[in-house]
Amino acid sequence: MDNLIIKNHETVPLASIPVLEYDKFLAQNTVLLAEERRHCVQYYGFLQSGMVQLLCCIADDMHGTILVSSALVGKKQILPSFTAHRPAFHKFEREIHENFGIAYADHPWLKPVRYPFDRARPQNDIANYPFFQIGSEELHEVGVGPIHAGVIEPGHFRFVCNGEQILHLEIQLGFQHRGVERLFLAKQHLLQRTVLAESIAGDTVAGHSVAFANLWESLCGFRAGAGLQFARTLALELERIAVHTGDLSALCTDVAYQLGSAVFGRLRTPLINYFQIWCGNRFAKGLIRAGGSHFPFNESLAEQLLEMLDAFEPDFDAMCEETFTLPTVLARFEKTGVVTHDQAVAIGTVGMAARVSGLNRDIRASHPHDFYPVLQHQPIIKHHGDVYSRAQLRRREIKQSIGYIRHLLKHMPLDSATPEPLGQPAPESLTLSLTEGWRGEICHCAVTGVRGELVHYKVKDPSFHNWLALALAVRNNEISDFPVCNKSFDLSYCGHDL
Amino acid sequence: MLSLAMIFLASLFFTGIVIRTKSLVSGRKGPGIFQPLKDVVRLFKKGAVFSQTTSFIFQVAPSIYFASVVMAILVVPVGQSKGLISFDGDFVFFAYILALGKFFSIISALDTGSSFEGMGASREALFSMLAEPAFFITMGSFALLTGHTSFHAIFTALHFGSYVSYALGTLATFVLIMIAMIENSRMPIDDPKTHLELTMIHEVMILDNSGFDLGLILYATNLKFAMYGAIIANFFISNLPLALAVPLFFAVQFFFAVIAGLLESFAARFRMAHNAEFIYTLTSFSLLIFFGVLLLMGKFI
Amino acid sequence: MPFHTWLPHAHPAAPSHVSGIMSGVLIKIGIYGILRMILLIKTDYVTAGYIILFAAVISGIYGVMLAILQHNLKTLLAYHSIENIGIIGIGIGLGTIGIGAHNPMLAALGFAGGMLHVLNHSLFKSLLFFSAGNVYQATHTLNIEKMGGLIKKMPHTASLFLLAALAICGLPPFNGFVSEFLIYSGLYQGLGNQSPVPLFAIIASLFGLVLIGGLALLCFTKAFGIVFLGTPRRVFVPAPVEASWGKLVPMYATLALIMGIGLFPGVFLQALSAPVAAFTAKIPGAPQVSAIPENASRLVANIGWCAAGFIALAGLVFFIRQKATGRKPASVSGTWGCGYVGDASRMQYSAGSFIRSYRKLAEPLFSIHKKKRPVEGIFPVDGWQETHPYDALEEWLIDRPLRKLKHFMGKFQFLQNGNPQFYVLYGIVFITLVILVPLVVDNMYALLDFLNQL
Amino acid sequence: MLDNLKILFRQGKQYIPDVRTAAVPGIFRGRPEILPARVNEAELTALCPTGAIGAAPVRIDLGKCLFCGECAFVFPDKIRFTTDYNMATNERQRLVVAEGAEMPVRLNPDLIRKEISDYFSGSLKLRQVSAGGDNSCEMELNACGNVNFDMGRYGIEFVASPRHADGLVITGPITKNMAEPLQICYEAIPDPKIIILAGTDAISGGIFEGSPALDRRFLDRYPVDLYVPGNPVHPLTFINGVLELIRKRAKQ
C-alpha cells in the first residue's frame with residue numbers, strides 16, 4: 001500500500017503525498033474500501049500545472065487514521081472509474097467529471113452534480129438533466145421542486161410512480177450553488193472565510209465553523225486552548241440537540257401529529273435561544289472563530305444552560321414517551337423508508353444515516369477532536385434503517401448529548417479565550433479536518449500554494465454521501481410517505497450545492 | 001329557508017373554530033374564528049392566474065362545485081323547519097348532487113395536467129366512492145326505522161327511546177362525523193395543514209386554482225362542513241321547538257367543530273393505503289346500525 | 001352475466017355507430033326477453049324477482065369494476081353496458097318482487113325505473129360511443145394511455161362525452177339520475193314496506209347500486225380526464241381535428257333528449273304508463289286507472305324542478321363569477337410545477353396510476369396479467385410495468401372450459417388420420433349404429449314391457 | 001389521554017403575547033448605533049467582511065451587514081448594536097444607518113402601494129422561494145409560524161402553491177440555477193402581489209455578493225415592497241415588518 005497516513009486536523013506538506021499511476025491509484029483505493037471500517041471522506045481534484053491532481057482520502061475508523069494518495073491525470077482523459085467497483089465513489093467522480101471534463105468509461109451514473117458556474121460542459125443545463133426513465137405508458141412521473149411546498153430549500157425530486165407507489169426516485173440538486181468553494185479563494189480575509197464557513201449550511205453552523213476553525217488553526221500551527229475546545233464541543237452538542245428536537249417536531253408535522261409538532265417545536269426554541277444568549281445569534285453564527293472567541297464561556301452561562309436543560313428534559317421525555325407509543329404515529333414511522341445495512345455500506349453513508357443501518361460511523365469516536373477524546377463517545381447504533389429508527393436515534397442522541405453537556409459543565413476549563421493573532425498558513429500543505437456535525441461527518445480540506453495562499457478549498461457536507469440513501473429508502477414506498485422519509489434524513493441542500 | 005340561513009351562518013365561523021381549537025391545544029393563540037372568512041373575501045377581490053394547459057372545464061368547475069354544495073344544503077332541514085327542497089328520497093338527490101360537484105372538482109384537477117392534481121384526484125375519487133355506501137346505508141337504516149324517506153320526515157319521526165336506540169344514535173353520529181371528515185378531506189384521512197403536495201388529497205387538487213375560483217372552493221368547503229354539522233345537529237334538535245332548536249343547533253355545530261379540532265390534534269394521519277380499510281370499517285359500522293334498526297323493529301326472528 | 005363475455009370483444013371491433021346501435025338495441029333484446037317472460041308466465045314472482053335482482057346486482061358491480069380497469073376506451077364503455085344492464089335488472093327485479101308481494105308502488109317504481117333506464121342507457125351510451133368514434137377517427141387509437149388534452153382540439157366531442165358521462169354516472173340534472181332515482185325510491189319503498197320482503201336482499205341491492213354509482217364516477221373521471229384533459233401524451237400525425245357537423249348534429253340531438261328526460265321526467269314517465277300498467281295489472285286488486293302512482297309522478301316532477309333549479313343556480317354562480325372576475329387581472333402561465341424549468345410532459349397522471357389504488361383493492365377478484373421488471377440496484381438500468389386486466393369469469397367459465405374441451409377433443413385426433421378407407425369405415429360404423437341403436441332400444445323396451453306384464 | 005393532558009398542561013400558552021413589544025433574550029444584535037467617537041475609519045471599513053461599513057460619515061448598510069458584530073468588538077466606542085429588532089423597511093436607502101442621522105428604521109408610508117392594505121390587511125398568504133442562501137433564513141421563517149411567534153394569528157401564513165399566495169418572500173442571494181424558477185414562481189402568483197426580501201443575502205447578496213454563480217437580475221425587473229435585514233432574519237423582525245406593511249392606515 002502506498003499511502004500517506006495522517007491524523008485528523010494534521011497539516012502535511014503536499015510533497016509528502018504519494019503520486020501514483022492512475023491504475024494503481026484505482027486498485028489501491030477500491031481495495032481499501034472492501035472493508036466496512038474504511039470509507040471515503042474526500043476524493044477530489046484540483047489543478048496542478050495544467051494537469052488535474054486527484055486526491056483521495058480514505059478514513060480508517062478503527063485506527064483513527066486517514067490514508068491519502070493521489071494521481072495526476074490530464075483534463076480530457078477517459079479513465080476507468082472507481083464507481084464500477086465501489087458505488088460509494090459515484091458522487092466524487094461525478095463531481096470530478098463535472099468540474100474538469102474527465103470522462104469515465106464505466107461509470108454507471110455519470111450525471112451532473114450541482115451545475116457549477118464554471119463547469120467543464122456548459123451545455124449540461126439544469127433543464128436537461130438525464131433522468132432515469134421507464135418507458136411504460138401506465139406509469140407516470142412526479143416532479144417535485146425546486147420550489148417545494150414548505151419553506152425549505154430547493155432541489156428537484158423526480159419520482160417514477162405506479163399510482164401511489166414509488167418505483168424510482170432520482171434527486172437533482174445544484175439549485176443552491178452559489179460558488180462557496182471559489183469564494184474561499186476569492187475572499188482574502190480570515191473573517192470573510194469564517195463567515196463563509198458559517199454560511200455553508202445554516203443548520204450546521206457550529207459543525208462547519210468548527211471544522212473550518214480547526215483546519216485553519218492547524219494550518220497556521222496554532223494549538224487551541226482547553227477553553228476554546230470546550231466551547232466548540234459544547235456548541236456541537238447543543239446544535240445536535242437543537243436540530244434533532246426540531247427534526248422530531250418536523251417528523252410529527254409530516255405525519256400530521258399536531259401535538260408532537262407543537263411541543264417539540266416549542267422545546268427547540270429555548271435551545272436555539274440559548275445560542276443567542278451565548279453569542280447573539282440563534283444559529284451560533286459568530287460564536288466560533290479561529291484562534292479565539294468573542295464569547296468566552298463562563299459560570300453564569302453554565303448556570304443558565306443547566307437551568308434550561310433541567311426544564312427541557314422532563315417535557316422532552318414525556319413527549320417522546322407519548323409520541324413513540326402512539327399507534328397512529330408508529331404506523332407511519334415503522335418500516336417506512338428502509339435503508340438496509342448492505343445498501344448503507346455500498347453507497348457509503350455517514351453519520352446518522354449510517355448509524356441507523358447498523359453501520360458504526362462517527363467521527364466523535366473514530367477521529368475524536370476537541371473534547372471528544374475525554375468524553376469517550378460510544379455511538380448509538382440502530383439496525384432497522386427505517387424512519388422509526390431515525391426518530392429513535394434522535395431521541396437517544398439528544399439524551400446522550402445532554403449527558404455529555406452535563407459532564408462537560410462539571411469539568412469546565414477556565415482559561416481565557418480572547419482572540420490571539422494567528423500566524424501565516426503553512427505553504428504547499430494539505431490539511432484535512434473532520435468534524436462530526438449533528439448530521440454526520442463534515443470534511444474541510446485545504447491546499448495551500450507557495451506563499452501559503454489557498455489554492456484549493458474543499459468542503460464536504462455529510463449530505464453529499466447521504467442523498468442517495470434517501471433515493472434508495474423511498475423505493476417501493478408510498479409517495480405520500482416521501483415527506484416523512486425526507487425529513488427523517490433531513491439532508492442539506494446548501495451543504496451539498498455549495 | 002331557515003335551514004339555509006342557519007347553515008350559512010354556521011359556515012361563517014365553523015372552520016374558524018376548528019382552527020382555533022387546534023391552535024389552543026398546541027399552545028398558540030391562533031387566528032380569529034373569522035380568519036377563514038377573511039381569506040375568502042381577499043380571494044374574491046383578487047385576480048387569477050390560469051394555466052395554458054387548462055380548458056373551460058377548469059373555469060366552470062368551481063362554480064358548479066359551489067352550486068352543488070348550495071343545492072345540497074337546500075335539501076337539509078334544521079329541526080322542524082324543512083329544507084327548501086324536500087321530497088321522498090331527497091337524500092339520494094343530496095348525495096348525487098354532491099357527487100356531481102365532486103365529479104367536476106376531480107376533472108378540473110385533471111384538467112391542469114399536473115401529476116400532483118392527478119394524485120389528489122385519484123385519491124379523492126377512490127375515497128369518496130368508498131365512503132358513499134356508509135352514508136346510504138345509515139340513511140337507509142333510518143328510513144327503515146321511521147318509514148320515511150326524506151331528510152325532514154326521517155329526522156322529525158326519529159325519536160330515541162330504548163338503550164339500543166341511544167347506541168344507534170351514537171353510532172350514527174360517529175359515522176356521520178367520519179363521513180364529514182372524509183368528505184371534507186380532513187384528518188385522519190387527509191391533513192390540510194401539512195401543505196405538502198405529496199400527502200394531501202383535497203388541497204392538492206386545488207393547487208392551481210386562484211382568485212375568485214379558489215375563494216368559491218374554500219367557501220364551499222366551509223359550507224360543506226357546516227352542512228354535515230347541521231345533519232348531525234338534526235339528531236338532537238329534530239323534535240324541539242324552534243326557540244330551543246336554534247341555540248342547540250349552534251351548540252352542536254360548535255361541539256362538532258371542537259371535536260374535529262381535537263381529533264386533528266391528538267393523532268397522526270393514516271398511511272394513505274390504510275384509508276381504504278378505515279372507510280371499510282365505517283361501512284361496517286353503518287351495517288351495524290342497520291342490524292340495530294332491525295333489532296329495534298323486531299325483525300330479527 | 002355471466003353470458004356477457006362477447007360484448008367487450010365485439011364493441012372495439014365494431015365501428016362506433018354500430019356500437020351505438022348495438023348497445024342501444026341489441027343488448028336490450030335480452031331485457032325485452034325477460035320482460036316478455038314475466039308477462040307470459042305465471043309463477044312465483046318473488047323468487048323470480050330475487051333471482052333477477054341477484055344476477056343484476058352482481059353483473060352491475062362486476063361490469064363497472066372491470067370497466068375501470070380497461071385501457072381501451074370502447075372496451076371500457078362495453079363493460080359499462082353490462083353495468084347498466086345490471087341497473088335495469090335491479091329495477092325489473094324490484095318490479096317483479098313488487099308483483100309477487102302485491103305492492104303496486106314497488107312494482108310501478110321498479111318497472112318504470114328499469115324501463116326508463118333502458119331508454120336512457122341507449123341514449124347516453126350511443127352518445128358515448130359516437131364520441132369515442134370521433135376520438136378514434138381523430139387519433140386512430142383507442143388506448144386511452146396515449147391520449148390527453150383532446151378537449152382543445154375537439155371541444156364539441158369532449159363536451160358531449162362529458163355530459164353523457166355525467167348522465168351515465170346517474171348524476172343530476174341528467175336522465176340517468178331520473179331512472180336511478182326511481183329505482184332507489186323502489187328500494188326504499190321495499191325497505192319501508194312491511195311486506196315480507198327480505199331486507200337483506202334490498203340492502204344488498206342498495207349497497208350494490210351505491211357502489212355502482214361511486215365506481216362509475218371513478219371510471220368516468222378517469223376516462224374523461226385522461227382522454228380529454230391535461231396535456232397530450234403523444235403527438236398525433238395528423239393533428240386531431242374536431243368531427244364534422246354532420247356527425248355532431250345527431251349527437252347534439254341525442255343530448256337534447258338526455259337533457260329533456262333529465263329536466264322533464266314527468267312527460268316521459270307518463271309515456272311509460274301503458275307498458276308499466278301491463279305489469280302492475282298482474283297484481284290482483286291494483287288500481288287500473290294509472291299505472292304510475294300519483295306520488296311517483298309527483299316525485300319525478302320534483303326531480304325535474306330540482307334539476308332545473310340546479311342548472312339555474314350553477315348558472316347564477318357562474319354569472320356572478322364572470323361579473324366579479326371580469327375587471328380583475330387574469331394572466332396565463334404554465335401549470336404550477338414547483339418551478340421546474342425542464343421538460344414536464346411525462347409528469348402527468350396516467351390512467352393506470354389513477355386507478356392503481358382501486359386496482360390494488362379489486363385485484364383479488366380479477367385476473368390481472370402483469371408484466372413487470374422491477375427497478376433494481378443502486379443505479380438501475382431498466383424497468384417496465386404493464387397490466388392487462390382480464391375478466392376472471394371469462395377466464396373461468398369460457399376460456400378454461402374451452403381449453404379443456406379442445407384438449408379433450410384433441411384426444412380423438414387419432415381418428416382423423418387422412419386414410420379414405422377409415423372414413424368409409426366411420427360411415428359404416430355410423431350407419432350401423434344408427435340402425436342398431438333404435439333396434440336395441442326398441443327391444444329393450446319390449447323386454448321391459450314384457451317384464452312389467454309379468 | 002392523561003399523558004396528553006399533562007403534556008398540554010405543561011405546554012400551556014406558549015405564544016408571545018405581543019410581538020410588537022416582545023423583548024429578545026440574551027445579546028441580540030439588532031439595529032446598530034454609531035457613536036460619535038473618533039476612530040481610524042479606513043481600518044473600520046476594511047474590517048467588515050461584506051463592505052457594509054462606509055466612511056465619512058461612518059455608516060452601516062443593514063442590507064449588507066451580516067450582524068457578525070466584529071466592528072463592535074474592535075471599535076466598541078464607535079459602533080454598538082442595540083436590541084431593536086424593528087429593522088424592516090420598504091425603501092432601500094433607509095437601511096443605511098449613518099452617523100449623525102440616527103433614527104429607527106421604519107417603513108416609508110408614502111411608498112406603500114394602496115392596494116396592499118386594501119387587499120391584505122387581515123389576511124396574507126406568502127410563498128417563500130429559497131434562492132441560494134444557507135437555510136438559516138428558511139428556518140427562521142418557519143419559526144415565524146411556530147407556537148412561540150404564532151404568525152398565523154395575524155392571518156399571515158406560508159402556503160404551498162404560488163397560485164394561492166399574495167406575495168413572494170425571497171431568501172438567499174438568488175443563484176443562477178434558481179433565477180428561472182423564481183421568475184416562474186413570481187408569474188404564477190395572481191395580481192396584486194408583493195415582494196419581500198428576507199435576509200441580508202437576499203437584499204444585497206451578503207457574503208456571496210459578486211459571486212459569478214449568482215444572477216440577481218430578477219430584482220431589477222420588479223419593485224420590492226419590503227426589505228427585512230438580518231443574518232438570518234429574526235422572526236420578530238419579519239413579523240413586525242410584514243404587519244407594518246399590511247396595516248390599515250388612516251386615509252390622508
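Each chain gets a letter, A, B and so on, in the order its sequence line appears, and its residues count up from 1.
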Within the supplied structure, the quantity of interest is the number of heavy atoms (other residues, nucleotides, ligands) at a distance under 6.0 Å from B/Lys102 NZ; does it exceed 12? yes
On a heavy-atom basis, the closest approach of C/Gly225 and B/Leu110 is CA-CD1, 3.5 Å
Residue among C/Cys306, C/Ala158, C/Ser350 with most heavy-atom pairs under 4.5 Å to chain B: C/Cys306
Sub-3.5 Å donor-acceptor pair from the side chain of B/Asp208 to the main-chain atoms of C/Trp336, do we have one? yes
Given a strict heavy-atom distance threshold of 4.5 Å, which part of B/Ala121 is in contact with chain C: side chain, backbone, both, or neither? both
Side chain, backbone, both or neither: which part of B/Met272 has an atom under 4.5 Å from a heavy atom of chain C? neither
Non-hydrogen side-chain atoms of C/Val210 and B/Phe135 separated by less than 4.5 Å: no
If you tally heavy-atom pairs under 4.5 Å against chain B, which of C/Thr231, C/Val332, C/Leu209, C/Ile320 wins? C/Val332
Heavy-atom distances under 4.5 Å only: say whether B/Phe103 touches chain C with side chain, backbone, both or neither. both
For the CG atom of B/Leu126 and the CD1 atom of C/Ile355, what is their distance to the nearest 0.5 Å? 10.5 Å
Measuring heavy-atom distances to chain C, does B/Phe116 have an atom under 4.5 Å in its side chain, in its backbone, in both, or in neither? side chain
Ranked by heavy-atom pairs below 4.5 Å to chain C, first place among B/Ile106, B/Ile97, B/Asp90, B/Ile85 goes to B/Ile97
Using non-hydrogen atoms only, which part of C/Leu313 is less than 4.5 Å away from chain B: side chain, backbone, both, or neither? both
Side chain, backbone, both or neither: which part of B/Glu124 has an atom under 4.5 Å from a heavy atom of chain C? neither
B/Phe93/C/Phe310 aromatic ring centres below 6.0 Å: no
Does a donor on one side chain sit under 3.5 Å from an acceptor on the other, for B/Thr112 and C/Thr335? no
Over 60° means perpendicular and under 30° means parallel, so classify the ring planes of C/Tyr184 and B/Phe136, tilted if in between. parallel
Side chain / backbone / both / neither for C/Phe354 at chain B, heavy atoms under 4.5 Å: both
Nearest 0.5 Å please: distance from the CE atom of C/Met347 over to the OG atom of B/Ser115. 7.0 Å
d(B/Phe212 CZ, C/Gln322 CD) to nearest 0.5 Å is 9.5 Å
Cut-off 4.5 Å, heavy atoms of chain C, and the answer for B/Ser68 is both
If you tally heavy-atom pairs under 4.5 Å against chain B, which of C/Trp305, C/Phe181, C/Phe220 wins? C/Phe181
Where does B/Phe58 contact chain C at under 4.5 Å (heavy atoms): side chain, backbone, both or neither? neither
When the 4.5 angstrom heavy-atom criterion is applied to C/Phe228 and chain B, the contacting part is neither
Among B/Lys46, B/Arg123, B/Met119, which residue has the highest count of heavy-atom pairs closer than 4.5 Å to chain C? B/Met119
Let me know if B/Ile64 has heavy atoms under 4.5 Å from chain C in its side chain, its backbone, both or neither. both
Contact leader toward chain C among B/Ala273, B/Ser210, B/Ala125, B/Ser128, where contacts are heavy-atom pairs under 4.5 Å: B/Ala125
Distance-minimising heavy-atom pair for B/Ala67 and C/Ala314: CB-CA, 3.5 Å
Applying a strict 4.5 Å limit to non-hydrogen atoms, the region of C/Leu206 in contact with chain B is side chain
Filtered by a 4.5 Å non-hydrogen cutoff, the part of residues 162-170 of chain C contacting chain B is C/Leu162, C/Ala165, C/Leu166, C/Cys169, C/Gly170
Count the heavy-atom pairs under 4.5 Å between each of C/Leu211, C/Thr325, C/Leu215 and chain B, then report the option with the highest count. C/Leu215
Whatever's closer than 4.5 Å to a heavy atom in chain C on B/Tyr280 counts as side chain
Answer whether the closest heavy-atom distance between the side chains of C/Leu229 and B/Ser55 falls below 4.5 Å. yes
Verify the distance criterion only: is there a donor paired with an acceptor across the side chains of B/Tyr96 and C/Glu180 at less than 3.5 Å? yes
Contact origin within B/Leu145 toward chain C - heavy atom pairs under 4.5 Å: neither
CD1 of C/Ile212 to CE of B/Met129, rounded to nearest 0.5 Å, is 12.0 Å
Against chain C, label B/Ala99 side chain, backbone, both or neither, depending on which of its atoms sit under 4.5 Å from a heavy atom there. both
Answer with side chain, backbone, both or neither: which region of B/Tyr65 has an atom nearer than 4.5 Å to a non-hydrogen atom of chain C? neither
Can you tell me how far CZ of B/Phe50 sits from OG of C/Ser333, rounded to the nearest 0.5 angstrom? 11.0 Å
Under a 4.5 Å cutoff for heavy-atom pairs, which residue among C/Ser331, C/Ser357, C/Pro155, C/Gly213 has the most contacts with chain B? C/Ser331
I'd like to know which of B/Ala109, B/Ser63, B/Gly47 tops the heavy-atom pair count under 4.5 Å against chain C. B/Ser63
At a 4.5 Å cut-off on heavy atoms, which part of B/Leu100 comes close to chain C: side chain, backbone, both, or neither? both
Heavy atoms only: give me the nearest B/Gln59-C/Phe318 pair and the separation to one decimal. O-CE1, 3.7 Å
B/Thr54, B/Val70, B/Asp213: which one forms the most heavy-atom pairs within less than 4.5 Å of chain C? B/Asp213
Taking the side chain as every heavy atom from C-beta outward, state whether C/Phe224 and B/Ile57 have any pair of such atoms under 4.5 Å apart. yes
Are any side-chain N or O atoms of C/Lys152 and backbone N or O atoms of B/Thr53, one a donor and one an acceptor, separated by less than 3.5 Å? yes
